[in-house]
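Down below is the structure, laid out as structure tokens.
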Number of protein chains: 2
Amino acid sequence: MKLNTKSRYAVMALADMAVFSRNNAVSLRDISLRQGISLLYLEQIFLRLKKNNVVKSVRGINGGYILVKSPKDLKISDILLALDQKVKTVGCKKESKKSCNGKSTKCITHHFWDELDIYINSFFENKKLSDLLKIERQEYK
Amino acid sequence: MKLNTKSRYAVMALADMAVFSRNNAVSLRDISLRQGISLLYLEQIFLRLKKNNVVKSVRGINGGYILVKSPKDLKISDILLALDQKVKTVGCKKESKKSCNGKSTKCITHHFWDELDIYINSFFENKKLSDLLKIERQEYK
DNA sequence: CAAAAACTTGACTATTTTAGTCGGGTATAT
DNA sequence: ATATACCCGACTAAAATAGTCAAGTTTTTG
Ligand code: FES
Ligand code: FES
């Protein structure tokens, strides 16, 4: 049960922006250098963040990205959602008639995993980007 | 963020045992038929459950497996642990000096993922196998 | 004893997912 | 003009996953 790097880097990059932007756009190049994330990979990630309205872009020479919401209002779940990373610990969909094992009845553990999904998602729902910064600010210059 | 099938099938199979054993050993063949899980795959899973003392085996003709603890006392985390599925949402190890991005300092989001891991693990720590059955019993014959 | 049921074990493999890279754009400030 | 930085689809190497296979051993029962 691992988070993929895309989600992790997204959160990392947005946290970086929250720390280093002073109301101006932050370029991916800077984020890449500070956080040690491949620039090309960041581009791919920010494409989706932009499409899902988490950031907006400024093109041209002093361009970069800007957070749409303030870190206080940006839920971590918004970030994960932008990257299709809704937590779904098992493949079995709530809606579909078919259960995970192909049978028509739900498997014996179905409800349990549902409960787990809700539990984890609520963690991400209740955390804001600003919550990360509070804790890390002392350690990180 | 998905659970692998090994862990899911393990929980499923043990729940099956809890329901269908009447103090006698339950054969993998029966579990396989009831739950629709490949027998060969179950063998692989139970090997580990046995090594980690979650079940014990009875060989020979009316053999099978028996839960070591009662469902009331068997934590879901014990099951996951037996399958090396400790929840570790990011690759970065607590102990190691190296952080996830290869730098010597921990990344800006490190603490957050730590918190998440603890949160999720506590879910598994606090759930017992018997908790699954309570809920499912009505739905499942 | 023989045969069948059921556990034991390591190795092997196809498929899928992940974690990126690449190439060729377009917009804009100076 | 030109450098900087976003834009976007397609591609790929490597790792993880989900499972199979082969070749056993042990124990019960007829
Ligand atoms: S039927 Fe939903 S998890 Fe198995
Ligand atoms: S340094 Fe630990 S998660 Fe990045």
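First the proteins, then the strands, lettered A, B, ... as listed; each starts at 1.
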Separation of [X] atom [atom1] from [N] atom [atom2], in whole Å?
X       : N      : atom1 : atom2 : result
B/Glu43 : D/dA22 : CD    : P     : 14 Å
B/Ile45 : C/dT8  : CD1   : C1'   : 15 Å
B/Leu47 : D/dA23 : CG    : C1'   : 15 Å
A/Leu42 : D/dA5  : CG    : C1'   : 13 Å
A/Tyr65 : D/dC6  : OH    : P     : 6 Å
B/Met1  : D/dA16 : CE    : C1'   : 17 Å
A/Ile31 : D/dA5  : CD1   : P     : 12 Å
B/Lys56 : C/dT8  : NZ    : P     : 13 Å

Worksheet, complete the sentence: Heavy-atom nearest nucleotide on DNA chain C taken for A/Arg59 and for A/Gln44; more 5' hit belongs to A/Gln44

Practice prompt. Can you figure out which of D/dT28, D/dA5, C/dC7 approaches the side chain of B/Asn62 most closely?
Written response: D/dT28

Discussion item. Of the options D/dT28, D/dA5, D/dC7, whose atoms approach the side-chain atoms of B/Ile61 most closely?
Written reply: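 Ranking D/dT28, D/dA5, D/dC7 by closest atom to the B/Ile61 side chain puts D/dT28 first.
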
Counting only side-chain N and O atoms of [X], is one of them less than 4.0 Å from OP1 or OP2 of [N]?
X       : N      : value
B/Asn4  : D/dA16 : no
A/Ser27 : D/dC6  : no
A/Ser38 : C/dT21 : yes
B/Lys50 : C/dT8  : yes
B/Ser57 : C/dA6  : no
A/Lys6  : C/dG20 : no
A/Thr5  : C/dT18 : no
A/Tyr9  : C/dG20 : yes

Worksheet item: Contact class for B/Phe46 vs. all strands (heavy atom < 4.0 Å): base, sugar-phosphate, or nothing?
Response: nothing

Can any side-chain N or O of [X] pair as donor or acceptor with the backbone N or O of [Y] at less than 3.5 Å?
X        : Y        : answer
A/Arg22  : A/Val19  : yes
A/Thr109 : A/Phe112 : no
A/Ser32  : A/Ile37  : yes

Worksheet item: What heavy-atom pair brings B/Asp78 and B/Val54 nearest, and what distance separates the two atoms?
Response: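 Minimum heavy-atom separation between B/Asp78 and B/Val54: O-CG2, 4.1 Å.
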
Discussion item. Can you see whether A/Tyr119 engages A/Thr89 through a side-chain donor-acceptor pair at a distance of less than 3.5 angstrom?
Written reply: no

